[in-house]
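All ligand and atom numbering here is 1-based and tracks the order in the structure. The figures that follow rest on heavy atoms only: side chains count, while hydrogens, waters and symmetry mates do not.
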Amino acid sequence: MSQTDTEIRSAPRTFLDIASDYFELTKPGITFTVVASMLIGFLMGSAAGFSFTLMLHATLGTWLIASGTAAHNMFMERGVDGLMRRTSKRPLPDSRVSARNGFIFSMGLILAGLIYLIVLVNFVAGLVSLATTIIYLFAYTPLKRISALNVFVGAVPGALPVVGGWAAATGTVFEHGMWILFGLIYCWQIPHVMAIAWVCRDDYEHAGFKMLPKNDPGGLKTVLWIMIPLLILIPTVYKLYVMELLGWLYLSGSIITTLGFIWYGIRFSYYRDNPTAKSLMFASFVYLPIIWIFIFLDWMIL
Ligand code: HEM
Ligand SMILES: CC(C)=CCC/C(C)=C/CC/C(C)=C/COP(=O)(O)OP(=O)(O)O
């Protein structure tokens, strides 16, 4: 270790350093997108009447519980995260936050978010969020080390926030449209995860995570897992238009964006290499925000 390293390590940690460690525990990138998904569900569920105050409460409650859930996943995986290049510098494996504090922080956020949603939004929205947390932490998280099928389970909590948002606006989970929107995010996640799993496969293998299909030396199964949900995205996107929930602006923008996403899937299917997997991964990062923007613009002009 150089002298500079030693000096940096022994420098006293400021309040800002500590706050940024706790913020990092909440996986801000994913959590931000989760809250955006919830807001899209809320807007689409607000056809009978829109309440700005209710939207603010749903945002704060979802942000709290989603942050706590993400932080608790980091608490549960603090050991294995230390074995992967991508995650070894996270606050828990890097010992910048103790396991005890990680546990208290994450549970505090989960409980605060849950109570907030039940009291200030509605019971159904709280229940959907609780189900999201339970499936993510107690089904998906342990399954990551058992089978690559984990992706089909993990995509459920990943897609439920739109249902939670819609339920926040309506108080029910029995509306056809919310489940089509759920299907859209569900199908988006499979190529999102498969592309990441391909790019990071050495890291995942080293930590014992089973993220790619078994016995797939040529990558054919991975290609099918990517292409089938990608193709299902087209009728799913179209269905929201057919149901007259959204209009032509959404339809045209989303179909073009989906075709672009599928194009990256086809390129990966043909080459099955790291550069095309990386492009597919980046396409997956931008796909959902673009779809949300088209839904939002369409909702504004309807
Ligand atoms: C089984 C489901 C999922 C898995 C395994 C997964 C995994 C990951 C991983 C490992 C990364 C980091 C990639 C890198 O190192 O560059 C990532 C990035 C990202 N994911 Fe996912 N993800 C899933 C679902 C979701 C969901 C539901 C959302 C939001 C609705 C989401 C939003 C994002 C975003 C915005 C990024 C880029 C920014 C960041 O790294 O924080 N993901 N995902
Ligand atoms: C409303 C509410 C409770 C929302 C929670 C939503 C939530 C946190 C969804 C997570 C989606 C998901 C499976 C991410 C990947 O985690 P990972 O463990 O594979 O990621 P990692 O390898 O980066 O830790």
Checklist entry - So, for Thr222 and Pro213, which heavy atoms are closest and what is the spacing to 0.1 Å? => result OG1-CD, 3.6 Å
Next on the checklist: With heavy-atom distances below 4.0 Å as the criterion, list the atoms of ligand 2 near Asn73.
Outcome noted: 18 (O), 24 (O)
Checklist entry - Is Arg86 touching ligand 2 with its side chain, its backbone, both, or neither, if touching means heavy atoms under 4.0 Å apart? => result side chain
Next on the checklist: Given Thr132, Thr133, Val193, identify the one with the heavy atom nearest to atom 5 (C) of ligand 2.
Outcome noted: Thr132
Item to check | ligand 2 contact on Met84 by region, counting heavy-atom pairs under 4.0 Å | outcome: neither
Checklist entry - Apart from Ile290 itself, what residues make up its hydrophobic cluster, given side-chain heavy atom links below 4.5 Å? => result Val286, Phe294
Checklist entry - So which protein heavy atom does atom 16 (O) of ligand 2 come closest to, and at what separation? => result Tyr136 OH, 2.9 Å
Next on the checklist: At less than 4.0 angstrom from any non-hydrogen atom of Ser129, what atoms of ligand 2 do you find?
Outcome noted: 1 (C), 3 (C)
Item to check | Per-atom contacts of ligand 2 with Gly154, taking only distances under 4.0 Å to non-hydrogen atoms | outcome: 13 (C)
Checklist entry - Is there side-chain contact between His72 and Ile110, with at least one heavy-atom pair below 4.5 Å? => result yes
Next on the checklist: Is the contact between Lys144 and ligand 2 made by the side chain, the backbone, both, or neither, using heavy atoms and a 4.0 Å cut-off?
Outcome noted: side chain
Next on the checklist: I want to check something: taking the side chain as every heavy atom from C-beta on, are Trp166 and Val162 in contact at a cut-off of under 4.5 Å?
Outcome noted: no
Checklist entry - Which ligand 2 atoms are under 4.0 Å away from a heavy-atom of Thr69? => result 3 (C)
Checklist outcome for this item: heavy-atom search around atom 19 (O) of ligand 2 in the protein gives Tyr140 OH, 2.6 Å
Checklist entry - Hey, are Thr31 and Thr26 close enough side-chain-wise for a donor-acceptor pair under 3.5 Å? => result no
Next on the checklist: Would you say that Lys89 contacts Glu24 through its side chain, given a criterion of any heavy-atom pair below 4.5 Å between the two side chains?
Outcome noted: no
Checklist entry - Centre of Phe75's six-membered ring, under 6.0 Å away, within 45 degrees of the axis: is that where NZ or CZ of Arg78 sits? => result yes
Checklist entry - What residues sit with at least one heavy atom under 4.0 Å from ligand 1? => result Gly29, Ile30, Thr33, Ser37, Arg86, Tyr140, Gly154, Gly158, Trp188, Gln189, His192, Val193, Ile196, Tyr204, Met281, Phe285
Checklist entry - Should Arg13 and Asp21 be marked as a salt bridge (Lys or Arg N to Asp or Glu O under 4.0 Å) after you check the CA-CA gap, both sets of side-chain angles, and the distance that decides it? => result CA-CA 11 Å; Arg13 310 199 67 236; Asp21 285 340; 2.6 Å; yes
Next on the checklist: When you compare the side chains of Lys221 and Asn215, does any donor N or O come within less than 3.5 Å of an acceptor on the partner?
Outcome noted: no
Next on the checklist: Given Lys27, Met211, Met38, identify the one with the heavy atom nearest to atom 24 (O) of ligand 2.
Outcome noted: Lys27
Checklist outcome for this item: salt bridge (Lys or Arg N to Asp or Glu O under 4.0 Å) filter on Glu77, not counting sequence neighbours, yields Lys144
Checklist entry - Among all protein non-hydrogen atoms, which one is nearest to atom 11 (C) of ligand 2, and what is the separation to 0.1 Å? => result Gly158 CA, 4.0 Å
Next on the checklist: Give me the nearest non-hydrogen protein atom to atom 7 (C) of ligand 2 as residue plus atom name, then the distance to 0.1 Å.
Outcome noted: Val34 CG2, 4.2 Å
Item to check | Residues Phe105, Tyr22; criterion ring-ring contact (aromatic ring centres under 6.0 Å, His included); working and verdict | outcome: CA-CA 8 Å; Phe105 174 71; Tyr22 280 93; 4.9 Å; yes
Checklist outcome for this item: Tightest non-hydrogen contact, residues Tyr287 and Thr258, listed as OH-OG1, 2.8 Å
Next on the checklist: Below 3.5 Å, N or O to N or O, backbone or side chain included: is there any such pair between Arg90 and ligand 2?
Outcome noted: yes
Checklist entry - In the hydrophobic clustering that connects Ile, Leu, Val, Met, Phe, Trp and Tyr at side-chain heavy-atom distances below 4.5 Å, which members other than Phe32 occupy its cluster, ordered by chain and number? => result none
Item to check | Sub-4.0 Å heavy-atom approach of Gly164 to ligand 2 | outcome: no
